[in-house]
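Heads up: the structure comes next, in structure tokens.
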Amino acid sequence: MKTKNEILKWLLLLMLFAGATEVWAQPGSTSPTQTVCVGSQPYVVDPPSGITGSTYTWTLSGGGSITSGNGTNSIFVNWTIPGGPYDLSVIRNDGNCDGPPQIVAVTVIALPTVTISYAGTPFCMSLTTPQPVTINGTGTYTGGIYSALPAGLTIDPATGDITPSASTAGTYTVTYTIPATVACSLVQTTTTVIITPAPTATISYSGSPFCMSLTTPQSVTINGTGAYTGGTYSALPAGLTIDPVTGEITPSTSTAGTYTVIYTIPASAGCAAEPVTTTVTIESLPATSPIYHN
């Protein structure tokens with residue numbers, strides 16, 4: 001038969017185990033139901049250093065595995081299977097007996113996955129319309145923040161819209177950051193955006209007006225920035241002999257008149273085809289009166 005002192009000892013132990021153990025997962029949370037992300041998560045019971053002389057036995061019903069700390073008051077669980085709730089329980093033993101189990105029901109959610117892209121890159125600096133981002137993913141991936149490096153790209157941090165005309169030409173890395181939550185760590189994804197300068201060009205013919213007696217082809221002078229090579233030449237109205245590739249004109253095979261020569265800069269690097277013009281005049285041969293013998 002147990003003595004009065006033995007009975008008091010058992011009652012004290014039961015009272016100790018009934019109130020001493022709390023399971024922590026999310027920072028500051030001792031809720032019996034918790035939500036975490038897939039990945040490694042810490043759990044602790046009792047004071048941070050544990051209770052001297054005690055050992056701790058942890059068990060997990062599923063969803064992952066205990067990777068370190070079993071036997072101590074602080075463990076890590078690597079959650080690998082979204083779902084649940086899964087029961088994580090701990091029993092403290094002080095060397096004489098086991099205390100009551102403490103249980104946390106843990107729901108595991110997948111870490112958000114997300115991709116971003118900009119249809120149409122490279123974009124021309126002549127484009128004034130904001131260009132939207134395309135975002136796809138799984139989980140809670142909305143509500144993040146957009147940024148770009150290096151500096152120079154005009155981007156809306158909330159929507160991800162970029163404005164090429166207000167940006168500096170260059171290649172940028174756009175980053176979309178999903179903020180960390182109590183359950184999940186920060187998530188980032190990136191894409192590349194290229195802004196190209198709008199090509200500019202001027203053309204001219206040194207020596208205009210040209211006489212129809214001139215049989216050598218006359219070359220064009222072209223200057224500009226960006227991708228202004230590889231375009232085509234044309235003239236209005238009809239009557240000017242012009243090479244559509246080189247822009248050379250031949251006065252002697254042309255009809256006298258004033259022409260508008262058009263050089264069309266080809267579309268490239270996100271920039272549309274762009275025409276530039278100059279004027280050329282072909283003069284007719286001067287009329288000569290008949291020679292008379294006096």
Q. Do V44 and N73 touch side chain to side chain, with heavy atoms closer than 4.5 Å?
A. yes

Q) Quick one: disulfide (SG to SG under 2.5 Å) pairs with a partner in residues 102-145, sequence neighbours left out? A) C124-C271

Q.
Using a 3.5 Å distance criterion without hydrogens, assess whether the side chain of T72 forms a donor-acceptor pair with backbone atoms of S74.
A. yes

(Q) I'd like to know if the side chain of T196 reaches the main chain of F123, judged simply by a donor and an acceptor atom lying under 3.5 Å from each other, with no hydrogens or angles considered. (A) yes

Q | Residue pairs passing the ring-ring contact (aromatic ring centres under 6.0 Å, His included) test where at least one lies in residues 238-291, sequence neighbours excluded | A | Y233-Y263

Q: Using the test side-chain hydrogen bond (donor to acceptor under 3.5 Å, both in side chains), find all partners of T57 that sit at least two apart in sequence or belong to another chain.
A: none

Q. Among pairs that include at least one residue of residues 196-259, which meet disulfide (SG to SG under 2.5 Å), considering only residues two or more places apart or in two chains?
A. none

Q. Quick check: does any side chain N or O of T189 sit under 3.5 Å from a backbone N or O of V114, one acting as donor and the other as acceptor?
A. yes

Q: Give every residue pair that meets the disulfide (SG to SG under 2.5 Å) criterion with at least one member in residues 55-94, sequence neighbours excluded.
A: none

Validation: residues 273-280 side-chain donor-acceptor distances under 3.5 Å, sequence neighbours left out:
from	atom 1	to	atom 2	distance (Å)
T278	OG1	I203	O	3.4

Q) Will you find, in the side chains of S219 and E248, an N or O donor that is under 3.5 Å from an N or O acceptor? A) no

(Q) I need the I145 CD1 to I155 CD1 distance, nearest 0.5 Å. (A) 11.5 Å

Q. Can you tell if the side chain of I262 reaches within under 4.5 Å of the side chain of L236, non-hydrogen atoms only?
A. yes

